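Chain A is the first sequence line, chain B the second, and so forth, proteins listed ahead of strands; every chain is numbered from 1. None of these values were measured; they are calculated from a predicted model.
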Number of protein chains: 2
Amino acid sequence: MATHTEFQEALLHKLSDSGLRSTPQREVVFKVMLQKRDHPTADEVFARVKSAMPSISLATVYNCLDTLVSCGLIRQVNFERGPTRYCPNLHPHAHFHDLQTGSTHDIDLPPGLIDQVKTILPEGYDASSVEIIFRGKTSFAAASAILPATGQN
Amino acid sequence: MATHTEFQEALLHKLSDSGLRSTPQREVVFKVMLQKRDHPTADEVFARVKSAMPSISLATVYNCLDTLVSCGLIRQVNFERGPTRYCPNLHPHAHFHDLQTGSTHDIDLPPGLIDQVKTILPEGYDASSVEIIFRGKTSFAAASAILPATGQN
DNA sequence: TCATATAATTAGAATAGTTCTAATTCCTTC
DNA sequence: GAAGGAATTAGAACTATTCTAATTATATGA
Ligand SMILES: [Mn+2]
Ligand SMILES: [Mn+2]
Ligand SMILES: [Zn+2]
Ligand SMILES: [Zn+2]
């Protein structure tokens with residue numbers, strides 16, 4: 001059996017690439033982010049992490065999330081001025097914000113779409129990133145009535 | 001000569017459609033929004049409005065901007081958790097956020113692009129709006145060096 | 001025209017999410 | 001096993017925005 005899990009390897013690698021240390025707090029925050037494919041706020045991450053590490057502070061959760069974002073291990077998403085949400089899905093994707101439930105869904109981007117969208121930019125605009133946000137309603141409420149109700153995701 | 005300008009007509013119409021009154025404060029806020037094709041924050045609108053109406057309050061500027069947004073006379077834009085910006089351009093457009101200057105540029109959307117982007121949505125997703133945000137740098141700095149420096153737009 | 005009702009404005013308090021500060025603890029290296 | 005730097009921590013501070021409660025303006029209609 002391995003002494004390091006795959007996720008710990010990835011974490012360690014990305015962190016040391018940036019000259020940063022792997023700490024128990026960073027590990028548990030990252031683990032929590034990978035455990036559920038949703039879009040928690042810092043407060044929600046804090047709540048989840050506390051069961052594994054009751055002594056962690058909210059400031060550290062913010063610090064760890066910032067660190068993971070700057071290492072490219074997770075992404076950050078914002079809707080209007082709501083609290084920042086964190087996303088563990090590193091594949092190129094858009095976000096669908098369900099206005100009725102408040103939940104957020106990942107929408108896979110077909111390869112080439114981003115480049116295609118970039119072609120609308122006039123001369124002189126050099127986009128390093130393109131973000132696409134959909135807002136609306138979904139019509140598969142049945143699923144969420146059967147699955148455990150978990151609030152916003 | 002007309003007693004009402006065209007902008008006042010539009011304002012009055014849209015407001016009364018929503019059962020709201022046209023007030024001096026709403027008029028001056030709307031006028032200020034149309035005078036410059038940029039993306040001011042509430043504070044910036046407040047500063048511009050004060051020269052025409054020194055007694056107006058910041059709370060009223062927030063109220064007026066909200067009202068204009070809900071009447072569809074202006075739009076609201078957010079970048080990360082920065083202060084909300086207001087946009088007088090009602091044509092379908094995307095936003096380019098210049099990471100070097102902090103300024104925001106409108107990018108016209110060719111007709112059909114939004115519908116095309118919507119086709120990536122799986123069954124059951126019904127998007128009422130699609131927002132596209134570009135981030136990156138621009139290579140026409142010369143213009144902003146010649147034109148009066150006006151801070152973020 | 002005056003009374004009444006409702007809408008809008010206002011100053012300032014309150015709020016929420018996040019960042020900062022300064023002290024402490026933890027590692028790594030010599 | 002010191003020393004120095006990195007990370008964590010509690011709590012204060014901050015910023016943009018919303019709320020509260022009082023005041024002022026406007027519309028209606030007797
Ligand atoms: Mn957003
Ligand atoms: Mn945004
Ligand atoms: Zn996501
Ligand atoms: Zn715009």
To the nearest Å, give me how far apart CD (Glu44(A)) and P (dT18(C)) are.
11 Å
Whole-Å gap separating P (dT26(D)) and CG (Leu20(B)):
15 Å
To the nearest angstrom, how far is Ile56(A) atom CD1 from dA7(D) atom C1'?
11 Å
Taking CD from Glu27(A) and P from dA7(D), how many angstroms apart are they, rounded to a whole number?
14 Å
Minimum-distance nucleotide to Arg21(B) side chain [options: dA7(C), dA7(D), dA10(D)]:
dA7(C)
Counting just side-chain N and O atoms, does Thr60(A) come under 4.0 Å of either OP1 or OP2 of dA7(D)?
no
Any donor-acceptor N or O pair under 3.5 Å, side chains His93(B), Asp106(B):
yes
Per-pair distances, 0.1 Å, donor-acceptor, side chain in residues 62-69 of chain A, under 3.5 Å, sequence neighbours excluded:
residue, atom, partner, partner atom, Å
Asn63(A), ND2, Ala59(A), O, 3.3
Thr67(A), OG1, Asn63(A), O, 2.8

Strictly under 3.5 Å: I want the nitrogen or oxygen pairs between protein and nucleotides 12-23 of chain D, one per line.
residue, atom, partner, partner atom, Å
dT17(D), OP1, Thr84(B), N, 2.7
dT17(D), OP1, Thr84(B), OG1, 3.0
dT17(D), OP2, Tyr62(B), OH, 2.4
dT17(D), O5', Tyr62(B), OH, 3.4

Could you state the CZ-P distance from Phe79(A) to dG17(C), rounded to the nearest angstrom?
16 Å
Can you tell me if Ser128(A) uses its side chain to pair, donor with acceptor, with the backbone of Arg135(B) under 3.5 Å?
yes
Nearest-angstrom distance from the residue atom CG of Leu15(B) to C1' of dA27(D)
16 Å
Kindly say if Thr23(A) contacts the phosphate of dT8(D), meaning a side-chain N or O under 4.0 Å from OP1 or OP2.
yes
For residues His105(A) and His39(A), is any side-chain donor paired with an opposing acceptor at under 3.5 Å?
no
According to a 4.5 Å side-chain heavy-atom criterion applied to Ile, Leu, Val, Met, Phe, Trp and Tyr, with indirect links allowed, do Leu99(B) and Phe140(B) form part of one hydrophobic cluster?
no
To the closest 0.5 Å, what do you measure between CE (Met53(A)) and NZ (Lys31(A))?
9.5 Å
Leu68(B) atom CG is separated from dA8(C) atom C1', nearest whole Å, by 14 Å
Atom-pair distance (CE on Met53(B); P on dA8(C)), nearest Å:
15 Å
Going by heavy atoms in the side chains, are Ile74(A) and Cys87(A) under 4.5 Å from each other?
no
Any side-chain N or O of Gln25(A) below 4.0 angstrom from OP1/OP2 of dT9(D)?
yes
